[in-house]
Amino acid sequence: MSLTKIASKTAAGNFFEDFRLGQIIDHATPRTITVGDAAVYQGIFGSRFAVQSSDAFAQAIGYPHSPVDDLLVFHIVFGKTVPDISLNAIANLGYAAGRWLAPVYPGDTISARSEVIGLKENSSRKTGIVYVRSAGCKPDGSKVMEYVRWVMVRKRDEAAPAPAEHVPQLPEAVPASALGDAGLRINVAAYDFTLAGSPCRFADYAAGESIDHVDGVTVEEAEHALATRLYQNTARVHFNQYAESKGRFGRRLIYGGHVISLARALSFNGLANAFHVAAINGGRHVSPLFAGATVFAWSQVLAKAELPGRDDVGALRLRTVATKDHPCADFPLKSGSADHPAVLLDLDYWVLIPR
Amino acid sequence: MSLTKIASKTAAGNFFEDFRLGQIIDHATPRTITVGDAAVYQGIFGSRFAVQSSDAFAQAIGYPHSPVDDLLVFHIVFGKTVPDISLNAIANLGYAAGRWLAPVYPGDTISARSEVIGLKENSSRKTGIVYVRSAGCKPDGSKVMEYVRWVMVRKRDEAAPAPAEHVPQLPEAVPASALGDAGLRINVAAYDFTLAGSPCRFADYAAGESIDHVDGVTVEEAEHALATRLYQNTARVHFNQYAESKGRFGRRLIYGGHVISLARALSFNGLANAFHVAAINGGRHVSPLFAGATVFAWSQVLAKAELPGRDDVGALRLRTVATKDHPCADFPLKSGSADHPAVLLDLDYWVLIPR
Amino acid sequence: MSLTKIASKTAAGNFFEDFRLGQIIDHATPRTITVGDAAVYQGIFGSRFAVQSSDAFAQAIGYPHSPVDDLLVFHIVFGKTVPDISLNAIANLGYAAGRWLAPVYPGDTISARSEVIGLKENSSRKTGIVYVRSAGCKPDGSKVMEYVRWVMVRKRDEAAPAPAEHVPQLPEAVPASALGDAGLRINVAAYDFTLAGSPCRFADYAAGESIDHVDGVTVEEAEHALATRLYQNTARVHFNQYAESKGRFGRRLIYGGHVISLARALSFNGLANAFHVAAINGGRHVSPLFAGATVFAWSQVLAKAELPGRDDVGALRLRTVATKDHPCADFPLKSGSADHPAVLLDLDYWVLIPR
């Protein structure tokens, strides 16, 4: 048998020196999100926010029917960027300027596009930092969400020349005036706080207040792999135990976004009416998660904001911290000047909540 | 950082002394059931009843299309009651008077409401028994199913005064005259017994007859957790290995309803035409199930009944017994005067089957 | 308690002597395939072919919307045949003449019918080989796919007389003229190769070329069991750890079709535009797969063919080899004259790809 391998047919992903400032990348595999995806996501995370759970509830307050969970949209957009942006990444360093721009409903098709907005080679010359603004778009080109992330990416060839260094200016937080595009104006009079699970509205939360979300959920290998494949995320560290058994941790690493969704679902207990994630200001995957661990979470209200021209909902800026094998009654975050060893995630984001 | 915990924002669940006779509880998070939920449920249980599997089959006999599996509806209703009724329960003691009252189709939204119909403090004064009648309702308030269950619930404060004792009168079984509300009158002439998987009709079953359902299915942690989160059931014992590792069993306890659905799916082999669960007369979770065990089941026909005014279907009253790691060719139930150690579930219910 | 077992109510499956040449078997449990099934399948396999992923992409090239994954249709048809054909099988020996005949869309109901086209008792007289041509059909009787498989089936009674031996003539491969019935004529001008993930078209592949699909995916027990129950496949070896712990391998055997779907999903990396599986020429499950192993795959282009009257797509005849715990950069197949010990699957099939 004569075997001829044409290596270029398979995607090896981009290396640091492959990126160019201003480069636009249209990512592969558009995805129609369905009630099926919503159900698989439901089974994996167990979320209970009423707007996303009940068409009748959503319709009562003004939606045509339940929108797709905001984080499911994020994960699907993120997943599409992986083969081009982070297949050769060593670390996902940060997020900024994430915004949801239009509601997504079952049946909508989403594709992803990224722009390279920053490049910085590391002093080792073995790696560099790539900053991209990625957006999820409908077929008409309109954006449903966007976010910036930066990742440390390997160089294919250490001797390759470095591109001109450019580190983008990124906002410390999304301003309140930029929130709410994906949240329809709702009819608060028709919002049933009993069915939603809590009487607490915007006015009931105070800046500085912290909330232990109490519950914990253990993660199994099959669960995170199901989720991450649902998003068509191809990052090898999540799926390939053969390779990972020889790697840094000896086992599959759980997608960082899985922790975000677990923390969001846990946060229902304390934030039941925070029905819409409107923006991500920043976030850090503080430590890796592996199957078998139990995830807990707590949140602090960093700030409150009214939305210009909106009296139906207000915004809470939250810092949600997720931990592994450590209930959060003590609000773990720092251990002296270092991160508390149980902390997995430190996420800064905005949610909308009825006034 | 100044941390202020407002404990009341998180749900601690009700304790025995929080319940009042006649109290009505509207449970949180209505749920639109979709074909996505049906598919996840299918993947977890592998049921093969034709009416629920095939729109074409269902339409031929008179349904608009396939109804949602009866037990999926039950689990979703049950799940909603957990945060209010059984978050502080020690044991789920029994079921009675369960009835399906209207078919549920994909797209229907179901919420849950419970009435406290009985209260009885235990002699220890540490716990009490709470009896609730819970119903799943459509947005127009019409009921799709209802059932009574009683649970042993902790007291928050042992010194709290006990409510007046009231133990409700519960029927030993749902009468045949109360069956069939959720089963449309079907066109038996168009019911294809070959496609349904068995020639056996109502007339082919005899009271007293026992049927070994032969097959066994092993349960994984990811499977029962997926199912139970799909139902938005929040009982902590099913999800939190960190807490359960310190608990009574050292591990997560599988939701008792999971065993009911496994037994129902296994019962296809022997009861393929028993397409509709019409009522639950009573049931007992005899012993706990943990991941890794293999579940088997057998059934006895306790009684047969005609339905008033119905010549299309008849009712079989079944006692289905599920076991762990024990095939059921010997119909295990008792071991002397005690329960057979392999028995997980002893369920008494009515099914409808074509005549 | 008086127990009467009527053994005939439960399906014991057919034994070799139960089959008759020319026998037609209508298999139980028709199945409406939904977007929910597609989502569960997506979560299990993570496929990225654009036509099946995006309604908008599918519509652009001429489909009404995304068709159901070809292999999901196959598995559902196959699953239905198990209770009648292979419940008492020792081995699934081969496939031939598999063809997809019409696209299947969410909402379509599929049932399965088989014809016994060959019988041959083995010299041991303990087993025999049964050849069946199975088809998936819509309610109007039109076929959506068909295939031949042959299985070694136990005899119930070694002394039972053997049927007349008949071994069917089977094609070495499906001819190119018989391909394409389930692939609509597509508008290649509207096929977006960027969104599809690769620029490689029909002309870019050469007969003899081999492609390492690079990625690997580890299989968990919950994943393969979810998939196989989704298909309503009842083969006991996949589900029953209690029985299998006493069996040949000591553990549950993963459905061979699971490996086919894993290899197909992995093959996206190298064959991103091969959007439609049109035929299966033959295939061999070379060795068993168990949970915990990581599956890799590589493909060789065995031949290329134009389709009569079609200038939109061409056909690639592929040999896709899947392995366990062995990356495929060395294109493993044979080890001397024997199978390479890592090889799980050796599948010969046709795919369609834009010209």
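Since the model is a prediction, treat every value here as computed from it, not as a measurement. Throughout, a chain's letter reflects where its sequence line sits, starting with A, and its residues are numbered from 1.
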request  = Would you indicate whether C:R317, at its atom CZ, is surrounded by more than 12 heavy atoms from other residues, nucleotides or ligands within a distance under 6.0 Å?
outcome  = yes
Please give me the minimum heavy-atom distance between [X] and [Y], naming the atom from each residue.
X	Y	answer
C:A56	A:T32	N-OG1, 4.2 Å
C:T294	A:Y242	OG1-N, 3.1 Å
A:Q232	C:S47	NE2-O, 3.0 Å
C:N269	A:A11	OD1-N, 2.6 Å
C:E223	A:R229	OE2-NH2, 3.0 Å
A:T34	C:A39	OG1-CB, 4.5 Å

Side chain, backbone, both or neither: which part of [X] has a heavy atom under 4.5 Å from chain C?
X	answer
A:R31	both
A:T228	neither
A:P30	both

* Which of A:S245, A:A222, A:A243, A:A225 touches chain C most, by non-hydrogen pairs under 4.5 Å ->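 Top option by heavy-atom pairs under 4.5 Å: A:A222.
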Answer key: most heavy-atom pairs under 4.5 Å with chain C among A:H27, A:E221, A:R252 is A:R252
Within residues 72-90 of chain A, contacts to chain C at heavy-atom distances under 4.5 Å involve A:P83
Does the side chain of [Y] come within less than 4.5 Å of [X]'s, by heavy atoms?
X	Y	value
A:K9	C:E209	yes
A:L226	C:I44	yes
C:F296	A:N240	yes
C:D212	A:T10	no
C:F268	A:T29	yes

Note to self: Has C:T218 got a side-chain atom pairing as donor or acceptor with A:F239's backbone, closer than 3.5 angstrom?
What the structure shows: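 Such a contact is found between C:T218 side chain and A:F239 backbone.
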Selection from [options] maximising heavy-atom pairs under 4.5 Å formed with chain A:
options	result
C:K324, C:K334, C:E220	C:E220
C:R48, C:H326, C:H213, C:Q52	C:R48
C:A272, C:S66, C:P327, C:A38	C:P327
C:S53, C:A196, C:A50	C:S53

Return the CG to CG distance between A:D108 and C:D55, rounded to the nearest 0.5 Å.
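It comes to 10.0 Å.
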